[in-house]
There are 2 protein chains.
Amino acid sequence: MSRASDRAYAIIRDMILSGDLPSGAKIGEEALAEQCGVSRTPIREALNRLEAELLIRRNDTQRSFVADWSIDDVEEMFELRGMLESRAARRAAKRISWEQIERLKTHHEAIGKAIHATKPDTHSFIEHNHLFHGVILEASASAQLTNMLARIVERPIVHRTARNYSLEDLERSHRQHGELIAAFEHHDPAWAEAVMISHIRRAFHAYANVHIDQRLPDMSQAAE
Amino acid sequence: MSRASDRAYAIIRDMILSGDLPSGAKIGEEALAEQCGVSRTPIREALNRLEAELLIRRNDTQRSFVADWSIDDVEEMFELRGMLESRAARRAAKRISWEQIERLKTHHEAIGKAIHATKPDTHSFIEHNHLFHGVILEASASAQLTNMLARIVERPIVHRTARNYSLEDLERSHRQHGELIAAFEHHDPAWAEAVMISHIRRAFHAYANVHIDQRLPDMSQAAE
DNA sequence: CCGAAGATCATTGTATACATTAGGCTGCCA
DNA sequence: TGGCAGCCTAATGTATACAATGATCTTCGG
């Protein structure tokens with residue numbers, strides 16, 4: 001997209017993700033325009049995008065606020081992501097090319113290095129993890145899945161999840177990626193789908209354990 | 001949303017749905033502004049919304065075109081809709097109130113009347129069908145499901161599907177709605193989910209039979 | 001003293017003018 | 001004659017000014 005509105009989008013999103021703009025905070029277009037150094041026009045475009053991604057809510061009179069995510073929202077988000085990503089994996093398994101599998105392996109190795117550095121390189125992990133899933137989405141060849149998942153993956157929780165992974169979590173995630181690659185090499189949709197479901201659900205529980213010690217959600221309903 | 005940008009959105013969407021703007025047609029902001037009687041600013045907002053709904057595509061240089069939907073895209077759309085709506089139905093079954101069930105019954109009756117009028121009232125059918133599914137979405141109490149389905153339901157194919165329903169299709173749809181209400185009255189998530197899946201898949205096949213006589217898609221893979 | 005109504009202020013919606021950039025046309029050169 | 005280069009045109013991106021609308025504060029009446 002355009003330069004200014006993209007910058008504004010990135011800046012505002014980071015302000016929300018970093019907690020600089022706390023949940024429920026009022027968002028004024030003019031104030032943001034000043035902070036971002038652009039006019040209100042690109043700010044408005046950025047706010048529309050952020051609203052579509054549910055990072056921002058608007059009250060009945062179009063005033064914007066930072067959305068607050070309850071634990072139930074987070075759980076629902078992970079489940080939707082699981083549905084969509086597993087479906088993408090199934091489609092990808094039928095269509096993925098050897099070139100795409102090679103790229104998966106490249107990111108897979110990079111993640112391995114990031115984990116086993118003297119100190120785990122979380123930033124590199126997140127980066128290549130994102131690219132890894134991006135290749136699968138590309139291989140799924142579904143504009144609609146891509147469209148929907150794009151809105152989910154950039155959300156606060158997904159970022160904070162990986163940041164709080166233990167070494168064990170990181171290694172488990174890495175192993176699951178390896179399993180996904182194997183499923184793709186065999187072009188086995190059911191296998192890829194199953195691994196992906198497991199992968200996302202594991203991520204949810206890693207998040208839940210860190211962020212809500214007091215409440216272990218009853219998964220018997222949700223996970224079924 | 002705002003008055004002018006909403007009107008612009010509705011006008012442009014109708015131009016696409018009616019085929020006035022055919023697939024692949026170039027979309028110029030200024031030309032549309034003139035046709036809609038507003039300035040480019042609300043037009044741009046409308047185009048962003050339509051792009052998010054995949055009714056419009058943008059090339060690498062931000063120029064807009066009417067998206068073309070292949071039969072595979074349509075199939076994928078129905079499957080995504082099935083996933084999301086069945087999930088909404090499951091959630092709704094756990095949470096739906098008697099007041100909401102009453103509203104479902106109201107729309108159910110209205111649909112019945114629309115079907116059995118001297119000449120089936122397609123417009124009324126579509127309207128109350130939309131409201132019926134809207135109540136379920138409301139009862140699901142998931143902002144994220146609502147958000148995602150809102151983008152899908154307004155798409156060209158969904159509209160054209162009902163328009164081409166035979167009397168038999170209409171009655172079958174009506175019966176399935178009745179079944180859904182029963183599932184909700186018993187607060188049975190599995191039942192509601194199953195009926196909804198069947199409901200959406202039936203809609204897909206009704207669409208496919210009308211629009212592609214030449215190719216009956218191999219559902220063994222997709223439906224699975 | 002409390003409540004309601006009106007005015008003022010703040011914020012968002014729209015229009016227009018300007019900047020920037022991609023695409024195309026024409027003319028020159030090989 | 002074909003291809004490339006530079007200008008020209010058209011379309012999008014951004015800023016700013018203005019309009020409309022909702023919120024808040026003040027004041028007047030009960």
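Computed from a predicted structure; not experimentally measured.
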Could you please name the option among D:dT14, D:dT12, C:dT12 that lies closest to any side-chain atom of B:Glu29?
->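 So the nucleotide nearest the side chain must be D:dT12.
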How many Å lie between [atom1] on [X] and [atom2] on [N], as a whole number?
X: B:Glu45; N: D:dG13; atom1: CD; atom2: P; result: 14 Å
X: A:Phe65; N: C:dT12; atom1: CZ; atom2: C1'; result: 12 Å
X: A:Arg3; N: C:dA22; atom1: CZ; atom2: C1'; result: 15 Å
X: A:Lys26; N: C:dA10; atom1: NZ; atom2: C1'; result: 9 Å
X: B:Asp6; N: C:dT12; atom1: CG; atom2: P; result: 17 Å
X: B:Glu30; N: D:dG13; atom1: CD; atom2: P; result: 13 Å
X: A:Arg44; N: D:dT16; atom1: CZ; atom2: P; result: 16 Å
X: A:Arg40; N: C:dT11; atom1: CZ; atom2: P; result: 11 Å

[X]/[Y] ion pair, N-O < 4.0 Å:
X: B:Glu185; Y: B:Lys105; value: yes
X: B:Arg151; Y: B:Glu53; value: no
X: B:Glu45; Y: B:Arg40; value: no
X: A:Glu193; Y: A:Arg87; value: no

When you match A:Thr41 and A:Ser64 each to their closest nucleotide on DNA chain C, which lands nearer the 5' end?
-> A:Ser64
Pair A:Leu55-A:Arg49, side-chain contact (heavy atoms from CB on, under 4.5 Å): steps then yes or no = CA-CA 9 Å; A:Leu55 281 171; A:Arg49 283 177 65 184; over 6 Å; no
Counting only distance, no hydrogens or angles, is the base of C:dG23 paired donor-acceptor with the side chain of B:Arg63 under 3.5 Å?
-> no
Which is true for A:Ile43 with a 4.0 Å heavy-atom rule: it touches a base, it touches only sugar-phosphate, or it touches nothing?
->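 No contact.
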Could you check whether A:Leu47 gets within reach of a base, just the sugar-phosphate, or nothing at all, counting any heavy atom under 4.0 Å?
-> nothing
For A:Gln62 and D:dG22, is the shortest distance between a side-chain N/O and OP1 or OP2 below 4.0 Å?
-> no
Plane angle bin for A:His108 and A:Phe132 - parallel if under 30°, tilted between 30 and 60°, otherwise perpendicular |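 Geometry flag for A:His108 against A:Phe132: tilted rings.
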Which protein N or O atoms sit under 3.5 Å from an N or O of nucleotides 4-7 of chain C?
none

Nearest-nucleotide wise, let me know which of A:Thr61 and A:Val38 is further upstream toward the 5' end of DNA chain D.
->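 Per heavy-atom nearest nucleotide, the more 5' residue is A:Val38.
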Are A:His177 and A:His128 near enough that their ring centres are under 6.0 Å apart?
->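 Ring-ring flag for A:His177/A:His128: false, centres at least 6.0 Å apart.
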